[in-house]
A.B. asks: 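Quick one: structure below, then a few questions.
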Amino acid sequence: MNLLVVGSLAFDQIETPFGKTGKILGGAATYIAMAAAYEGAEPGIVSAIGGDFPDVYTDALQKRNIDLEGVQILSGEKTFFWSGRYHNDMNTRDTLETRLNALEKFNPVLPESYRNARYVMLGNLDPEIQCQALAQVKNPELVILDTMNYWMDHTRDALLEVLKRVDVLAVNDEEARQLSGEYALVKAARKIRELGPGFVLIKRGEYGALLFRKDEVFFAPALPLESVFDPTGAGDAFAGGFAGYLAATDNTSFENMRRAVIHGSALASFTVERFGTEKIENLTREMIEARLREFLSLTHVDISLEKKL
Ligand code: AMP
């Protein structure tokens, strides 16, 4: 186990212009850990599920080398449930229902073997829970945190507290604007960095992602895809690919983080091509490598700055 993942394991029910699912496997920790495992990391999940979480779902995670020792099974409870409906543009969605269930009373307790994790990915959850989990990690090399507008509205103080201990904040553009009060993303990233994280990773869906640090910024495009079926979990798969690559290579240089952004983008691009986890459950090394090659050719250009333009 070299990557601690704290986050939801869930039943999701999704509606897009292409159709509607029944209850399917979802949750931020699911997407993060699956993406990270493809990158060669060894993720261990801290979460809580109810007695209704089927064995086929735990098997799907375990057979990918994802450790579930940190998952509490609360047999009298139900598993977290989320349902959402996407608008025609697929960039916006309405949450129809969130039932916290087992996550409502979640008190994260890290197994002894998780406490030495060098890499920590705190998925979108109540910042109090993120903070409690992080406090149990002895000496992490890199802490990445994902959050959303809900926590900015309702538990801002707790979020600001946990942010002081975070190295990379991963949010979408609207969330970066809300947290910082700045519209321009360069200014927003600067303000967020003043809150604690040295790096700000801004996810812009089909418009790619930006990674900010002190005076530098790296931009990665999203792959232009023929069809986007279901964006659920794309942000988590992106963060999981990013975190998983860093954990597997054990290198937190900015150069390596740039590579990690491309790996995250590749995993996210697969996720949106089918409903839920369907696509990300069925990837091969060859598919991922081919996609990484597409990313390289997407932006590769030779320009000689010696010659006159
Ligand atoms: P994303 O599309 O990357 O925002 O992530 C979607 C996943 O996040 C779904 O699989 C949901 O189960 C999960 N999710 C949605 N809302 C929450 C929440 N409030 N807390 C934890 N997980 C959530």
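In listed order, ligands and their atoms are each counted from 1. Just so it is clear, the model here is predicted, and its values are computed rather than measured. Both backbone and side-chain heavy atoms feed into the values below; hydrogens, waters and symmetry mates do not.
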A.B. asks: Show me the donor-acceptor pairs within less than 3.5 Å that the side chains of residues 30-37 make with the rest of the protein, sequence neighbours left out.
C.D. replies:
from	atom 1	to	atom 2	distance (Å)
T30	OG1	G26	O	2.8
Y31	OH	G276	O	3.4

A.B. asks: Any N or O of S8 that comes nearer than 3.5 Å to an N or O of ligand 1?
C.D. replies: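 There is such a contact, yes.
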A.B. asks: F238: heavy atom below 4.0 Å from ligand 1, yes or no?
C.D. replies: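 For ligand 1, residue contact (heavy atoms, under 4.0 Å) with F238 is absent.
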A.B. asks: Would you mind running through ligand 1 and noting each atom that sits below 4.0 Å from a heavy atom of A10?
C.D. replies: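 Close to A10: 12 (O).
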A.B. asks: With a cut-off of 4.0 Å, which atoms of ligand 1 are near a heavy atom of G26?
C.D. replies: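 Within the 4.0 Å cut-off of G26, ligand 1 contributes 10 (O).
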A.B. asks: Purely on distance, is any nitrogen or oxygen of Y31 under 3.5 Å from one on ligand 1?
C.D. replies: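 Looking only at distances, the answer is no, because the N/O contact criterion of under 3.5 Å is not met.
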A.B. asks: Closer than 4.0 angstrom, basic N to acidic O: yes or no for R177 and E174?
C.D. replies: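 Salt bridge present between R177 and E174.
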A.B. asks: Using distance alone, decide if ligand 1 has a nitrogen or oxygen within less than 3.5 Å of any nitrogen or oxygen in G233.
C.D. replies: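 There is such a contact, yes.
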A.B. asks: Quick one: nearest non-hydrogen protein atom to atom 5 (O) of ligand 1, plus distance?
C.D. replies: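 Minimum-distance protein heavy atom for atom 5 (O) of ligand 1 reads D236 OD2, 2.7 Å.
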A.B. asks: Under 3.5 Å, is there a donor-acceptor pair between the T252 and Y119 side chains?
C.D. replies: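 There is no such pair (donor and acceptor under 3.5 Å, judged by atom type) between the side chains of T252 and Y119.
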A.B. asks: State whether a side-chain donor-acceptor pair under 3.5 Å links N124 with Y150.
C.D. replies: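 Short answer, no.
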A.B. asks: Indicate yes or no: does an N/O atom of M148 lie under 3.5 Å from an N/O atom of ligand 1?
C.D. replies: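 For ligand 1, there is no N or O atom that lies under 3.5 Å from one belonging to M148.
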A.B. asks: Could you tell me whether some N/O pair between R93 and ligand 1 is separated by less than 3.5 angstrom?
C.D. replies: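 Yes, since at least one N or O of R93 sits under 3.5 Å from an N or O of ligand 1.
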A.B. asks: Taking the six-membered ring of F270 as reference, does the cationic atom of K279 (NZ for Lys, CZ for Arg) lie under 6.0 Å from its centre and within 45° of its axis?
C.D. replies: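 No; the conditions do not both hold, so K279 does not lie above the ring face of F270.
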A.B. asks: If you measure from each heavy atom of Y150 to ligand 1, is any distance below 4.0 Å?
C.D. replies: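 Checking ligand 1 against Y150, which is what was asked, there is no heavy-atom contact under 4.0 Å.
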A.B. asks: Can a cation-pi geometry be assigned to R213 and F199, taking NZ or CZ under 6.0 Å from the six-membered ring centre and within 45° of the ring axis?
C.D. replies: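 Judged by the rule (NZ or CZ under 6.0 Å from the ring centre, within 45° of its axis), R213 is not positioned above F199.
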A.B. asks: Decide yes or no for P197 and L163: does some side-chain heavy atom of the first lie under 4.5 Å from some side-chain heavy atom of the second?
C.D. replies: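 Yes, side chains in contact.
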